[in-house]
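Report on one structure; see the data block that follows.
Just so it is clear: chains get the letters A, B, ... in the order the sequence lines come, proteins before strands, and each one is counted from 1.
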Number of protein chains: 2
Amino acid sequence: MTLDNAHSLSTPSGTNKDICIILSHPQMGENIGAAARVMKNFGLNDLRIVSPRDRWPNKKAENMSAGGVDVIQKAKIYHTLEEAISDRQFVFATAAASRDMNKDHIFSYEIDKTLASIDRLGILFGRESSGLSNQEISLCNKIITINTESEYSSLNLAQAICIICYELYKVPDLLGSDLKTSAVNLASKGEMEIFLKHLFSSLDSRGFFKSQDRKDKMTMKLRGIFNRMDGISPKELNALHGIVSILEDK
Amino acid sequence: MTLDNAHSLSTPSGTNKDICIILSHPQMGENIGAAARVMKNFGLNDLRIVSPRDRWPNKKAENMSAGGVDVIQKAKIYHTLEEAISDRQFVFATAAASRDMNKDHIFSYEIDKTLASIDRLGILFGRESSGLSNQEISLCNKIITINTESEYSSLNLAQAICIICYELYKVPDLLGSDLKTSAVNLASKGEMEIFLKHLFSSLDSRGFFKSQDRKDKMTMKLRGIFNRMDGISPKELNALHGIVSILEDK
């Protein structure tokens with residue numbers, strides 16, 4: 001296969017899949033570098049990093065990236081996860097299998113079944129020590145899990161990224177064989193966030209949350225519910241805005 | 001799944017597969033350690049090393065192996081590849097796709113098709129700088145290849161091992177069938193319908209729909225949005241009921 005450009009994988013119809021890897025608060029430069037290298041091996045190069053622990057640019061990351069050093073040099077740094085994913089239509093959160101959060105999950109080898117209508121995809125990985133927080137997961141559509149031995153399920157960060165990139169590279173659609181095209185016009189994470197802000201402020205104005213503690217819990221829960229929707233169109237989002245506007249109309 | 005013993009994967013028929021990873025002349029302790037860790041993640045722990053470049057035991061290997069340190073501690077060191085593979089029935093040589101050698105090859109994701117009649121399997125990986133020599137490959141039965149971008153096909157050693165272990169772990173026979181299903185307590189379609197009725201009646205009472213035609217279209221749209229959520233818990237549904245109740249509270 002050949003790639004039309006850096007971070008897009010060409011489909012037969014000529015439409016592109018735009019896939020990025022997002023690292024939230026990565027701690028080790030070596031892991032960031034190893035991630036960049038394996039992304040390059042599998043034809044991806046949009047790397048986004050939210051608040052790396054160490055200074056950036058990072059020499060250790062560059063050294064470990066080997067032939068993927070351009071991925072490191074072009075990596076974008078963000079202060080918040082919200083900014084990093086604002087242009088994405090769909091974001092997978094990577095997590096170990098048994099999370100006490102009700103979010104639909106798939107296994108890594110099932111990723112091919114989920115991509116048909118998504119053009120701008122993100123795959124989010126958490127910090128080495130503790131993975132993703134529930135708050136971070138609540139911003140994502142779905143959890144993706146790598147099946148491992150239950151007695152020792154802690155994968156190295158770069159190894160987890162390796163497996164996901166490898167599985168993406170195997171997907172026939174992305175590689176340019178058959179199927180798929182019907183790219184529906186989907187709302188981005190940024191548009192969803194605007195809706196959620198609208199909802200929260202309306203609920204607030206009607207005294208829904210009662211206390212700050214309850215507000216924190218409820219907004220996370222609602223974020224989780226709405227971000228879990230598989231691709232929502234701008235029209236549908238408008239309908240939801242309409243409902244919220246009714247709230248404001250006391 | 002549970003394993004009968006350290007390095008055997010149980011098959012449904014009751015026979016055991018005995019699989020080892022063999023590293024020929026590995027150079028970096030870090031890679032050996034990362035290999036041990038990911039072997040452990042995927043239920044393998046027979047690691048054999050032919051003439052490591054650096055002294056053994058190797059501190060860097062131990063440090064990188066994390067929870068797989070027992071794999072490092074039990075690793076066997078050999079002077080020659082012949083000794084290391086002498087008890088194997090079948091050995092795969094890992095190599096980049098286009099080798100100027102007339103040896104049958106398979107892709108990593110095809111490994112499941114080759115294991116039926118093999119009990120004692122070895123997977124051989126070459127040194128970081130130059131891979132396996134033709135002489136080493138000639139001792140193996142078959143080449144196994146990981147499909148990568150042709151412009152940058154150089155996988156890190158531990159990443160290549162990661163992918164092979166991952167693929168082995170996916171083989172149903174080896175896994176002994178059952179992938180864990182995380183049975184979350186989910187709301188039923190009937191409970192969702194009760195929520196939707198609640199929502200529609202509240203919207204109606206606030207004059208949201210304006211005309212019957214618009215009502216038909218909007219309810220269908222909203223039904224679509226909410227039913228698209230893959231699995232919502234009763235608690236989450238309660239939160240949504242709470243929002244709707246605010247609508248009624250004029």
Top contributor to chain A interface from Ser245(B), Gly207(B), Ala239(B) [non-hydrogen pairs under 4.5 Å]
Ala239(B)

CZ-NZ distance between Phe107(A) and Lys170(B), expressed to the nearest 0.5 angstrom
12.0 Å

Does any part of the side chain of Val38(A), heavy atoms only, come nearer than 4.5 Å to the side chain of Leu155(B), both counted from C-beta?
yes

Calculate, to the nearest 0.5 Å, the distance between atoms CD1 and SG belonging to Ile146(A) and Cys162(B) respectively.
7.5 Å

Would Glu151(A) and Lys40(B) satisfy side-chain contact (heavy atoms from CB on, under 4.5 Å), going step by step from the backbone distance to the final call?
CA-CA 9 Å; Glu151(A) 303 97 79; Lys40(B) 182 92 171 185; over 6 Å; no

Identify which part of Ile243(B) has an atom lying under 4.5 Å from any heavy atom of chain A, answering side chain, backbone, both or neither.
both

Determine the option with the most heavy-atom pairs under 4.5 angstrom with chain B, choosing from Met218(A), Met64(A), Glu167(A).
Glu167(A)

Between the side chain of Tyr169(A) and the main-chain N/O of Asn147(B), is any donor-acceptor distance below 3.5 Å?
no

Begin from the C-alpha positions of Leu240(B) and Ile225(A) and carry the test side-chain contact (heavy atoms from CB on, under 4.5 Å) through to its verdict.
CA-CA 9 Å; Leu240(B) 294 178; Ile225(A) 294 175; 4.2 Å; yes

List the residues meeting side-chain contact (heavy atoms from CB on, under 4.5 Å) with Lys60(A), not counting sequence neighbours, and say none if there are none.
Glu30(A), Asn58(A)

Ser153(A) and Asn41(B), any side-chain heavy atoms less than 4.5 Å apart:
no

What verdict does the side-chain contact (heavy atoms from CB on, under 4.5 Å) test give for Phe42(B) and Glu149(A), after you've listed the backbone C-alpha separation in whole Å, the side-chain angles of each residue and the deciding distance to 0.1 Å?
CA-CA 6 Å; Phe42(B) 293 118; Glu149(A) 281 290 278; 5.8 Å; no

Among side-chain atoms of Gln159(A) and Tyr166(B), is any donor-acceptor pair under 3.5 angstrom?
no

side-chain contact (heavy atoms from CB on, under 4.5 Å) against Ser154(A), all qualifying residues, sequence neighbours excluded
Tyr152(A), Arg37(B)

